[in-house]
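Read the structure below first, then the notes.
None of the values given here were measured: they were computed from a predicted structure.
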Amino acid sequence: MAKRARAYWLMKTEPEAFSIEDLERKKREAWDGVRNYMARNYMREMQVGDLVLFYHSNAAPPGVAGVSEIVAEAHPDPTQFEPKSKYYDPKSKPAEPRWSLVDVGFVERFAQLLPLDVLKAEPSLSDMVVVQKGSRLSVQPVTKEQFKTVLAMAKAKTKVR
DNA sequence: GCCAACGTTGGC
DNA sequence: GCCAACGTTGGC
């Protein structure tokens with residue numbers, strides 16, 4: 001596969017289902033259950049080594065909890081073929097899988113979650129997808145500048161005031 | 001628990 | 001191919 005510069009992403013998860021603590025303990029995880037075409041297409045663009053902002057949605061508060069990385073590129077999501085799975089898709093054929101997943105690996109857990117409202121208050125992040133109103137996409141591209149800004153904010157936040 | 005936003009489905 | 005209805009996401 002052709003090499004390209006490392007890309008950056010944001011992936012959402014409900015911490016009650018799978019949190020940064022779970023990833024820290026398990027080290028890596030197959031990111032199954034994505035059933036949105038745009039999100040799937042972004043996952044298919046991912047390459048090993050890409051870095052991911054690990055976002056806790058439907059949480060109090062929601063926000064970025066840490067960093068993960070892509071450790072395996074897109075391959076078929078097995079849950080689409082499992083009738084008992086809540087992610088089962090009867091229209092998907094094994095010869096032509098509709099849904100993909102990537103494997104993510106643990107990189108870092110922030111000492112403190114970086115809340116969404118703090119991201120929204122940062123002017124240089126005003127174009128970031130996750131701060132847009134009604135932004136529901138669970139897999140999003142992030143620019144290198146946005147990624148660096150978020151990391152810097154997470155580090156600054158851990159300093160004692 | 002509410003509901004706005006938005007993606008998907010299906011009738012026509 | 002339009003678009004209303006429906007289901008889901010996710011902040012609040």
Side-chain angles (χ1 to χ4, degrees), chain A residues 7-26 29-46 50-70 74-104 106-143 145-147 149-154 156-158:
Chain A
Y8 301 87
W9 311 93
L10 178 146
M11 296 173 88
K12 295 182 186 174
T13 172
E14 300 195 9
E16 282 202 7
F18 190 81
S19 68
I20 190 76
E21 289 81 9
D22 294 326
L23 184 62
E24 183 170 26
R25 185 163 35 80
K26 293 183 69 179
E29 181 75 0
W31 209 258
D32 62 13
V34 172
R35 295 294 180 270
N36 171 285
Y37 287 105
M38 208 180 303
R40 179 204 70 180
N41 291 344
Y42 283 134
M43 286 201 298
R44 289 181 177 178
E45 290 180 30
M46 292 175 177
D50 284 359
L51 292 175
V52 179
L53 296 174
F54 195 98
Y55 183 88
H56 282 179
S57 62
N58 251 318
V64 179
V67 177
S68 59
E69 69 178 328
I70 303 306
H75 50 285
D77 180 345
T79 63
Q80 68 194 305
F81 304 122
E82 296 166 5
K84 287 185 185 141
S85 169
K86 66 171 173 172
Y87 301 124
Y88 178 56
D89 183 351
K91 293 182 194 161
S92 185
K93 309 236 167 52
E96 215 178 329
R98 179 178 293 189
W99 303 111
S100 301
L101 56 72
V102 294
D103 290 5
V104 302
F106 177 78
V107 174
E108 170 180 13
R109 176 163 67 91
F110 293 162
Q112 285 179 267
L113 180 119
L114 184 58
L116 177 60
D117 59 1
V118 174
L119 299 180
K120 284 184 170 171
E122 171 53 46
S124 65
L125 296 180
S126 61
D127 290 335
M128 201 171 166
V129 178
V130 78
V131 308
Q132 307 307 314
K133 192 179 178 193
S135 169
R136 303 190 333 184
L137 194 59
S138 65
V139 178
Q140 311 175 353
V142 171
T143 69
E145 290 71 29
Q146 288 164 350
F147 186 88
T149 300
V150 168
L151 274 203
M153 289 171 77
K157 202 164 179 292
T158 64

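In this structure, NZ of A/K86 is placed 18 Å from P of C/dG7, rounded to the nearest angstrom. C/dT9 atom P lies 14 Å from atom CD of A/E16, rounded to whole Å. Note: CG (A/N58) to P (B/dA4) measures 17 Å, nearest angstrom. A straight line from CZ of A/R35 to P of B/dG7 spans 18 Å, rounded to a whole angstrom. Rounded to whole Å, atom C1' of C/dG7 lies 13 Å from atom CG of A/N36. The NE2 atom of A/H56 sits 17 Å away from the P atom of C/dC12 (whole-angstrom rounding). If you take CG of A/D89 and P of C/dT8, they are 14 Å apart, rounded to a whole angstrom. When the P atom of B/dC6 is taken as reference, atom CD of A/Q140 falls 12 Å away, rounded to whole Å.
Nearer the 5' end of DNA chain B, as judged by each residue's closest nucleotide, is the contact made by A/G134, out of A/K91 and A/G134.
A/K26 has a carboxylate O that lies under 4.0 Å from a charged side-chain N of A/E29, or vice versa, which qualifies the two as a salt bridge. Ion pair A/D77/A/R98 not flagged as a salt bridge, since none of the NZ, NE, NH1 or NH2 atoms sits closer than 4.0 Å to an Asp/Glu carboxylate oxygen.
Pairs of residues two or more places apart, or lying in two chains, never qualify as salt bridge (Lys or Arg N to Asp or Glu O under 4.0 Å) while including a residue from residues 114-142 of chain A.
A sub-4.0 Å separation between OP1 or OP2 of C/dG10 and a side-chain N or O of A/K12 is present. Distances shorter than 4.0 Å separate none of the side-chain N or O atoms of A/Y37 from OP1 or OP2 on B/dC6. Taking only side-chain nitrogens and oxygens, A/K133 never comes nearer than 4.0 Å to OP1 or OP2 of B/dA4.
Taking every side-chain heavy atom of A/R136 into account, C/dT9 is the closest of C/dG11, B/dA4, C/dT9.
Between the side chains of A/R35 and A/T79, at least one donor-acceptor pair of N or O atoms lies under 3.5 Å.
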